[in-house]
Amino acid sequence: MSTFVFIDHIDGAITKTAGELLTIARRAGEVTAVLVGTPGDGTKAAAAINSFGANKIIAIEDSAINDHPSALVAQGLADLLLEKGATTLLIPSTARGKEIAARVAVRTNSGIITDAVDVTADSIATQSIFGGSAVVHSKVSKGIAIITVRPNSVEPESKPSTCDVEVVSPKLTPTKVLISNREPAKRGGRPELTEASIVVSGGRGTNGDFAPVEALADLLGAAVGASRAATDAGWYPHSHQVGQTGKTVSPSLYIACGISGAIQHRAGMQTSKVIVAINKDPEAPIFEVTDFGVVGDLFAVLPQATSAIAARKG
Amino acid sequence: MKIAVCVKQVPDSWAEKKLNASTKLIDRESVDAVLNDLDEYAVESALQIVEANGGAEAGHTVTLISMGPERATEALRKGLSMGADDAVLVSDVALAGSDALATSLILAKVIQRINPDLILCGTESTDARMSVIPSMLSERLELPQLSFAGEVNVSADQVSIKRVTDEGVDSMNSPMPVIVSVIEKINEPRYPSFKGIMAAKKKKIEVLSLVDLGVSAAEVGGAGAWSLVNDFNEQAARSAGVKVTDEGAGGTALSEFLAEKRLA
Ligand SMILES: Cc1cc2nc3c(=O)[nH]c(=O)nc-3n(C[C@H](O)[C@H](O)[C@H](O)COP(=O)(O)OP(=O)(O)OC[C@H]3O[C@@H](n4cnc5c(N)ncnc54)[C@H](O)[C@@H]3O)c2cc1C
């Protein structure tokens, strides 16, 4: 067994998911953490990676790596995995992570399993499919087991280690794609949707006014989600969409406000631990999956709930 | 310009999907099959690109490419009735149970055969939801890829897109041939007109087998699968819990529920 974890990071600051993947990978024994970035990123990330018990840290560094989409990252990563004889690779199941994983699978002629919510010591992946209505266990049968793992799948457990960073700078062949302009998303102060332990979402019922949704989210330290009706209307960016063609979230608490609960929306939130909904329509399908439902106007119920919680918090 | 659009027939996203106990694959018999909703955006993009560049008169064509059972011709007819010119379907019993590696291998063979300038894909299929085919095609064909396009423009031999992801919006471009995947916010797919539906009946769908593509049965399908399902189990449906009607204290009741669950 030779387990590798692809470390997601922004300029050397590792994401929460990186810690989760290292925690899962440790079950199989020795873990090699691989980070791909610009020169210096490996050193910057080392302490954080060492807090999750990595046995080896390899940084693939190239000063132009950020000027290219996933193709270059996949090149460097695939060559390294083949050279080191990796048997398993865990990658975060994000849009970019899946692109890299798909490319590495072809480059190394390996099988790929996406959207795992758990992985055993012998690389059997658990997937929760069809909005949580079935749980599947699968295994890669050819090449390296390439498994993308959803954020928030496990609680990251720290374990100190002290390895140095091995920096490699392979020669990567650039593609013909050029990035001419970048508009980074405004992060705001809220947690990332798929990483958040509480999500408050708004739908068509907000009529474009997300203020009460955001007020409760901020009080609870939650991320803000949206239904497709709300993102289609341009009330919230697509990156906040929850559901079949948006994000799959599995927080401890999901609060749906003015969302009817169409099957495609439920596909993205049904595995949340506790589900709460506020909807004017007592027949709304969302109430079929809620632990606590309030039939009422969100513009009355949300502010009242928010001030009651604020009062209790003191 | 020759445009190819990769499309897939999938179970209707409004239906409850299930796995078949013996094959451990999606049960496709028990639900309505439709053209993957997300591929409709790719078909619409192709048609709009043709229209923006002089139309069919200028020699631009749109070919749909798919892999699936014979029945997938129904989904192809939908794309043809929207306005695509013709279609290629790879259908072979040996393809049953193919995974993404096999699917990308087959689609790449067809693309090599028709040699398009631009290859369009949806971001993912609504059944498997892996979102890996466009990147796999890019690797297999050694062609550049522009993914998650919320806007596509073609001029001369350059394609430029606005890539929309969590990280933000990136403007990027590439010379053709190139693989582009589009997101659902890019356009509003047209409904086929009556005229379009009638015309589609006469459009050509070429059906190819593995032999036609020079691929051996052992490389694909369940036999050649790169990954396998060990087992699966159905989860109990969530049951509805407490429902209160707001008569002035709904918000307070909600806050009490959260306090009791130690969630707020
Ligand atoms: C292929 C495909 C993929 C899709 N993917 C997604 C996806 O990823 N995510 C997604 O969300 N949808 C998705 N959809 C769309 C989905 O089918 C629904 O159309 C969508 O979820 C509806 O959003 P909504 O619940 O906000 O709007 P509606 O269905 O219009 O519901 C609005 C709800 O708000 C309630 N309401 C109105 N006013 C108030 C008020 N003042 N207070 C309280 N309640 C109020 C109403 O009673 C109603 O139940 C997809 C559809 C397809 C075909």
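The structure presented is a predicted model; accordingly, all values stated were derived computationally and were not measured.
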> Side chain, backbone, both or neither: which part of A:F287 has a heavy atom under 4.5 Å from chain B?
Replying inline: both

> Checking A:T271 against chain B: side chain, backbone, both or neither under 4.5 Å from a heavy atom?
Replying inline: backbone

>> Only pairs of heavy atoms separated by less than 4.5 Å count here; which of B:V132, B:N173, B:L101 has the most with chain A?
In response: B:N173

> Does CD in B:Q158 sit with more than 12 non-hydrogen atoms of other residues, nucleotides or ligands closer than 6.0 Å?
Replying inline: yes

>> Quick check for you: among A:L220, A:L219, A:L193, A:D232, which has the greatest number of heavy-atom pairs under 4.5 Å with chain B?
In response: A:D232

>> Just so I understand: if I count every heavy-atom pair under 4.5 Å between each of A:K139, A:Q127, A:E192, A:K186 and chain B, which residue has the most?
In response: A:K139

>> Could you work out, with side-chain hydrogen bond (donor to acceptor under 3.5 Å, both in side chains) as the rule, every residue matching A:R150, not counting sequence neighbours?
In response: A:D115

> Checking A:R103 against chain B: side chain, backbone, both or neither under 4.5 Å from a heavy atom?
Replying inline: both

>> Set out, in order, the CA-CA distance, both residues' side-chain angles and the distance that settles side-chain contact (heavy atoms from CB on, under 4.5 Å) for B:E16 and A:S133, then state yes or no.
In response: CA-CA 9 Å; B:E16 297 284 351; A:S133 68; 5.5 Å; no

> Under the side-chain contact (heavy atoms from CB on, under 4.5 Å) criterion, do B:I26 and A:F130 qualify, and how do the steps go?
Replying inline: CA-CA 10 Å; B:I26 291 184; A:F130 307 150; 3.8 Å; yes

> Is the closest basic N to carboxylate O distance between A:K247 and B:D166 below 4.0 Å?
Replying inline: yes

>> Within the 3.5 Å criterion, strictly below it, is a donor on A:Q244 or B:E184 matched to an acceptor on the partner's side chain?
In response: no

> Where on A:S110 is there a heavy atom nearer than 4.5 Å to chain B: the side chain, the backbone, both, or neither?
Replying inline: backbone

>> Heavy-atom pairs under 4.5 Å with chain A - which of B:G168, B:A100, B:P134 has more of them than the others?
In response: B:G168

>> Has A:S180 got a side-chain atom pairing as donor or acceptor with B:S171's backbone, closer than 3.5 angstrom?
In response: yes

> Under 4.5 Å between any side-chain heavy atoms of B:W14 and A:I263, yes or no?
Replying inline: yes

> Tell me, side chain or backbone of A:K280 under 4.5 Å from chain B's heavy atoms, or both, or neither?
Replying inline: neither

>> Heavy atom to heavy atom, less than 4.5 Å: which residues from residues 139-147 of chain B reach chain A?
In response: B:E139, B:R140, B:P144, B:Q145, B:L146, B:S147

> Under a 4.5 Å heavy-atom cut-off, does chain B meet the side chain of A:A105, its backbone, both or neither?
Replying inline: both

> Can you find a pair of side-chain heavy atoms, one from A:T114 and one from B:R129, that are under 4.5 Å apart?
Replying inline: no

> Is there a side-chain contact (heavy atoms from CB on, under 4.5 Å) between B:F232 and A:I129 once you walk through the steps?
Replying inline: CA-CA 10 Å; B:F232 74 89; A:I129 62 165; over 6 Å; no

> When heavy-atom pairs shorter than 4.5 Å are enumerated against chain B, which of A:V276, A:I10, A:I113, A:I100 gives the highest number?
Replying inline: A:V276

>> Using a 3.5 Å distance criterion without hydrogens, assess whether the side chain of A:E183 forms a donor-acceptor pair with backbone atoms of B:V169.
In response: no

> Are B:T165 and A:R96 close enough that a side-chain donor and a side-chain acceptor fall under 3.5 Å?
Replying inline: no

> Which of the residues A:R228, A:K176, A:Q270 is involved in the greatest number of heavy-atom pairs with chain B at under 4.5 angstrom?
Replying inline: A:R228

>> Less than 4.5 Å apart, side chain to side chain, heavy atoms only: is that true for B:L263 and A:S252?
In response: yes

> Under 6.0 Å from the NZ atom of B:K261, do we count more than 12 heavy atoms belonging to anything else shown?
Replying inline: no

> Out of A:S138, A:G296, A:G131, which one racks up the most heavy-atom pairs below 4.5 Å with chain B?
Replying inline: A:S138

> Side chain, backbone, both or neither: which part of A:R182 has a heavy atom under 4.5 Å from chain B?
Replying inline: both

> Are more than 12 heavy atoms from other residues, nucleotides or ligands located less than 6.0 Å from atom NZ of A:K142?
Replying inline: yes

> Side chain, backbone, both or neither: which part of A:I198 has a non-hydrogen atom closer than 4.5 Å to chain B?
Replying inline: side chain

> Using a distance-only test with no angle check, is there a side-chain donor-acceptor pair under 3.5 angstrom linking B:K243 and A:T290?
Replying inline: no

> Is it true that a side-chain atom of B:S131 and a backbone atom of A:A95 form a donor plus acceptor pair closer than 3.5 Å?
Replying inline: no

>> So, applying side chain to side chain contact (heavy atoms under 4.5 Å, CB included) with B:S174, which one of A:T175, A:V177, A:L178 is it?
In response: A:V177

> chain B heavy atoms under 4.5 Å from A:L216: which part of the residue, side chain, backbone, both or neither?
Replying inline: neither

